[in-house]
Amino acid sequence: MKCMLRLYPRAWQRRYGEEFLELVATQRCSLALVVDVAAGAIDAWISPQISDATLASAEKENRRTLAETLKLECAARAAHITPADARKAVAVTLTLTVVLTGVWMWVMIQTRGNPYFDVMALLPLVYTAPFAYAMRYTYLKTRSRATQALFISGLLGMVAAILFVVGLISARI
Amino acid sequence: MAKKPDLSRDLDAFGRFAEPALLILISLADGPKHGYAMTEDIAAVAGERLGPGTLYGALARLEARGFVEPMKSDERRNPYRITALGEKALKVRLAALEAVTRIAHRRLARA
């Protein structure tokens, strides 16, 4: 009998489908029941009682519930960042930035303006890398070491690739 | 001035669902019920067991006109209750039926 529900319009199924099937399940299968359900389906198509507006207002509440559920789900999955984590992330970002800036300056002196290492190419990486690495203590805190490594190296790899293309173009101009 | 809706005519507009709709309103006048409870109650009161197609056809019409409304439920089946408008429509309908019944009895008595 469940398949007979498909005879009804979609909107009708959404509105009454579940409770209708509950009721059908309590009835003894008979020709009279099949005829009644089929006649009901024909009627539902010929004179639909459920307007889109009615259905929309009925579903509005469900959507609100769904939105709240998603919000809670996201909150549950998000890393809980404590003030100590934030301090650690800031310290790591600043320290790495200072260290990498020093490394960049040394490379610049050694290469004497090679376009692959100049301000436009390598410097952005110097500021991106500490920030990406510090995510280990914030957004990536709850993830495994493998995931952290993959995310950070992937992000820096993409930035490096973009910078390499920029350096390549600079060298040609 | 806005014309008052003729509640006694509203159930007539239900066509073949007019009688099932009346039985549903009578059933819900006793308190909220879900589909199965309604069919059982109607079978006990009127000796007529409504099929699911007929019951929900009538219920959809009653709900569309604001005569009944679903109640919140955690279960799959929704209980329905009669609204103030539904009660008014039921009273009007029963009064009309009573008037017809009185006339019928009077005529039978004369025969």
Side-chain angles (χ1 to χ4, degrees), chain A residues 1-69 72, chain B residues 10-21 23-25 27-28 32-44 46-81 83 85-86 89:
Chain A
M1 285 304 289
K2 205 174 173 178
C3 61
M4 290 199 74
L5 180 64
R6 292 193 190 146
L7 296 173
Y8 284 81
R10 279 253 169 99
W12 197 98
Q13 288 182 37
R14 280 206 299 275
R15 174 64 190 84
Y16 297 109
E18 283 199 359
E19 49 188 295
F20 177 79
L21 286 177
E22 283 269 316
L23 181 60
V24 169
T26 64
Q27 315 267 309
R28 198 164 45 84
C29 191
S30 63
L31 181 64
L33 179 64
V34 173
V35 171
D36 180 76
V37 172
I42 294 167
D43 167 70
W45 279 106
I46 293 172
S47 52
Q49 302 297 316
I50 307 162
S51 68
D52 287 344
T54 312
L55 206 62
S57 73
E59 284 182 349
K60 201 175 170 184
E61 194 136 331
N62 291 340
R63 276 203 299 275
R64 201 181 300 138
T65 311
L66 183 67
E68 277 165 9
T69 309
L72 287 173
Chain B
D10 257 349
L11 287 182
D12 285 338
F14 285 14
R16 79 175 180 95
F17 292 99
E19 195 190 325
L23 293 172
I24 289 171
L25 288 178
S27 177
L28 294 182
K33 290 179 188 69
H34 50 70
Y36 178 70
M38 265 185 257
T39 49
E40 290 300 304
D41 184 55
I42 290 167
E48 191 179 340
R49 190 171 288 277
L50 300 181
T54 306
L55 182 85
Y56 278 95
L59 208 50
R61 284 166 168 77
L62 289 168
E63 196 186 341
R65 281 159 187 80
F67 290 171
V68 301
E69 62 187 6
M71 294 167 71
K72 279 197 171 176
S73 169
D74 293 333
E75 291 179 47
R76 286 178 72 189
R77 50 192 185 182
N78 260 337
Y80 291 84
R81 68 174 155 220
T83 61
L85 189 67

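A note on names: the letters A, B, ... follow the listed sequences, proteins ahead of strands, and every chain is numbered from 1. All of these numbers come straight from a predicted model, not from anything done at the bench. When reading the values below, keep in mind they use all heavy atoms of this one structure, side chains included, and skip hydrogens, waters and symmetry mates.
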Quiz prompt | Neighbours of chain B found in residues 28-37 of chain A - heavy atoms under 4.5 Å | solution = Leu33(A), Asp36(A), Val37(A)

Practice problem: May I ask you to test the Met4(A)-Val24(A) pair for a side-chain heavy-atom distance under 4.5 Å? | Solution: no

Exercise. Report the C-alpha distance between Trp12(A) and Leu5(A) in whole Å, list the side-chain angles of each, state the deciding distance to 0.1 Å, and finish with yes or no for side chain to side chain contact (heavy atoms under 4.5 Å, CB included).
Key: CA-CA 9 Å; Trp12(A) 197 98; Leu5(A) 180 64; 4.0 Å; yes

Practice problem: To the nearest 0.5 angstrom, please state how far the CZ atom of Phe67(B) sits from the CZ atom of Arg61(B). | Solution: 13.0 Å

Quiz item: Are Lys33(B) and Arg81(B) close enough that some pair of their side-chain heavy atoms sits under 4.5 Å apart?
Solution: no

Exercise. Applying salt bridge (Lys or Arg N to Asp or Glu O under 4.0 Å), name anything that partners Glu19(B), two or more places apart in sequence or on another chain.
Key: none

Quiz item: Within a strict 4.5 Å, meaning less than it, do heavy atoms of the Glu48(B) and Pro20(B) side chains meet?
Solution: no

Quiz prompt | Any side-chain heavy-atom pair of Tyr8(A) and Tyr16(A) under 4.5 Å | solution = no

Self-check item: Closest-packed option against chain A by number of heavy-atom pairs under 4.5 Å, given Gly57(B), Pro70(B), Pro52(B)
Solution: Pro52(B)

Practice problem: Please look at Ala44(A) and chain B and tell me whether the side chain, the backbone, both or neither of the residue comes under 4.5 angstrom of a heavy atom of that chain. | Solution: neither

